[in-house]
A.B. asks: 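Pasting in a structure now, in C-alpha cells, and then I'll have a few things to ask.
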Amino acid sequence: MEAIYKEEAKVYFSRELLTWYRRIKRDLPWRMNQDPYRVWVSEIMLQQTRVDTVIPYYERFMNKFPTVRALAEAPEPEVLKCWEGLGYYSRARNLQAGAREVVERYGGVVPDDKAAVAGLKGVGPYTTGAIMSIAFNRPEPAVDGNVMRVLSRYFCLEDDIAKPATRVGIEKLAGSLIPEGAAGDFNQALMELGALVCTPKAPSCLPCPVMEHCEARLAGRETELPIKTKAKPPRPEKRVAAIISGTGANEGKILVRQRPETGLLAQMWELPHLLVPKEQEKIVDAAPETDGSTAAAGEWLTRSMEEETGLLIRPERWFMDADHVFSHIHWKMRIYLADLGALAGAAAAAAGSSLAAETAAAYEAGGKQIEYRWIGPEDMDTLAFPNLFIRILREYWT
DNA sequence: AAAACGGGGGG
DNA sequence: CCCCCAGTTTT
C-alpha cells in the first residue's frame, strides 16, 4: 500500500511540476534555444552562483565567445577577465580546457554522449545531467542543491544532503521521476521550483504546484528540511599589503603582481601582500596608525617584503583595512601606501633593465616565476583582479 | 570523506 | 552584522 501510494505521489509530482513549469518558466538568456554550448556555459556559471548575478556575465561571455571554437581559440587571460568577479576562477579555466577538448576530439561539436560530456574538464555529475537533459533531452537526472531541497521536502527525506552518498540516492530518485520525453523541461522545473517557490528559508507553499502531496508540508516540517551539517567557519588570516607607487616613467602607476598558476585565485592579479605569521599578529592587532606614522607594522612589512620578494619598499602611511571572506579563509588585510626604495636580490637585475618599460620586475619565488607590472587605472580594464583588490584600487584611484 | 575553491544575498 | 548558499577537483 505504501509503495502504491508513493508511486502515485511520484506520478502526481512529475505531472504537476512539468505543467507548472511550462506555464511560468522564466525567460532566461540561456533558454533562447538548446544549443549545447550555451547550456554548458550557463550551467558552469550557475554553479554556486545565483541567476541574477550570472545574467550580465552570461550575456557578455556569449557575446565575446559565441561558439565552442571561439572560446577554445581565445587567449586565456581574456577568458579570465570575462569571468572577473564571478569567483571560483577554475571554472573558467576548466571551461576553456573543455572547449579545447571538444574542438580537438569532437570537431567543435558537443557530443550527444553522456560519457564524453562527463569526461570534459569541469563537468561533474550535475552538469553532465544538465547538459544531457536540457540540450539533448536525454533522461538523465541533474541534481543540484535546489533539487535536493525540493525532493527532501516532498518525500520527507532526512538524510544529510552534505553527504555525497545522499546526492547519489537523490539522483536515483530524480531519474525515476523524469516524464517520458520531457527530461529537459522536468529537470529545469525541479530547479525552478527550488529557486522560486521551495526556497531555503520560508518556502512559499501556497502557490506550490505539488503542495497537496508534499510530505514535509503535510507534517508541518518544511522548514526543518533538508537536513544539512554546516561547514566549519573560515580560518582567519591577517595580511599586510602595499600600494607601491612608481616614480619617473612609472609616475602615477602602482605595482601589481600575478598570482601562481594554481591554487587560490589562480592567475589573478593582486597587490603585493604578505601573510602575518600567527606569532606576530600583535603587529596588526592594534588600530591602524592614522597619524601618518607606520610604526611596527610598517617596519615588519619592509623587512618581510624584502625577504620574500626582493622588493625594498618604504611604507609611508596606512591607507585602509579590508576584509574578504572566502568559503574557507577569512582575510583581514591592512593596506599601506609605499614608495619603492630600491631593489635587492634577484629582483634588482630584472627590474633594473625593464624599469622604463611596462614590466617592472620579475623574480624567482619558490621556483615559480611571478610577474610584476606597473599599472595605471586604465589597466584595470584588461587585467583580471579579484573583487577584494578591485574595491581597494577603485578607492585608491577615486 | 574532507578540504579547497569566491562571491553575493537575505534577515 | 551574521548566517546561508553549493558543484568539481584535489587530497
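In this text, all values refer to a predicted model and were calculated from it rather than measured experimentally. Values reported hereafter were calculated over all heavy atoms of this structure, with side chains retained and with hydrogens, waters and symmetry mates removed. Convention: sequence-line order gives letters A, B, ...; per-chain numbering from 1.
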A.B. asks: How is A/V123 classified with respect to the nucleic acid when contacts are heavy atoms under 4.0 Å: base, sugar-phosphate, or nothing?
C.D. replies: sugar-phosphate

A.B. asks: Side chains of A/T128 and A/E140 only: does a donor on one sit below 3.5 Å from an acceptor on the other?
C.D. replies: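 Absent: no donor and acceptor within the cut-off.
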
A.B. asks: With rounding to the nearest 0.5 angstrom, report the OG1 to OH distance, A/T302 to A/Y336.
C.D. replies: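 Those atoms lie 10.0 Å apart.
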
A.B. asks: With a 4.0 Å cut-off on heavy atoms, is A/Y126 in touch with a base, just the backbone sugar-phosphate, or nothing at all?
C.D. replies: sugar-phosphate

A.B. asks: Side chains of A/E43 and A/Y126: any donor to acceptor distance under 3.5 Å?
C.D. replies: yes

A.B. asks: On a plain distance test, is the side chain of A/Q48 in donor-acceptor contact with the base of C/dG7 below 3.5 Å?
C.D. replies: yes

A.B. asks: Quick one: do the A/N63 and A/R60 side chains pair a donor with an acceptor below 3.5 Å?
C.D. replies: no

A.B. asks: Just need the stems in DNA chain B: three or more back-to-back Watson-Crick or G-U pairs, each with both distances under 3.5 angstrom, sorted by first number.
C.D. replies: B:1-5 with C:7-11, B:7-11 with C:1-5

A.B. asks: Pull out every protein N or O sitting under 3.5 Å from an N or O of nucleotides 8-11 of chain B, one pair per line with the distance.
C.D. replies:
from  : atom 1 : to     : atom 2 : distance (Å)
B/dG8 : OP1    : A/N387 : ND2    : 2.9
B/dG8 : OP2    : A/N387 : ND2    : 3.0

A.B. asks: Under 3.5 Å, is there a donor-acceptor pair linking the side chains of A/R373 and A/Q258?
C.D. replies: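 Their side chains do not contain a donor-acceptor pair, so the 3.5 Å distance test is not met.
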
A.B. asks: When you compare the side chain of A/L255 with that of A/L311, does any pair of heavy atoms fall below 4.5 Å?
C.D. replies: yes

A.B. asks: Over all strands shown, is A/T127 touching base, sugar-phosphate only, or nothing at heavy-atom distances under 4.0 angstrom?
C.D. replies: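 Sugar-phosphate contact only.
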
A.B. asks: Given A/R22 and A/D185, is the salt bridge (Lys or Arg N to Asp or Glu O under 4.0 Å) satisfied, shown in steps?
C.D. replies: CA-CA 8 Å; A/R22 289 177 169 164; A/D185 278 356; 2.9 Å; yes

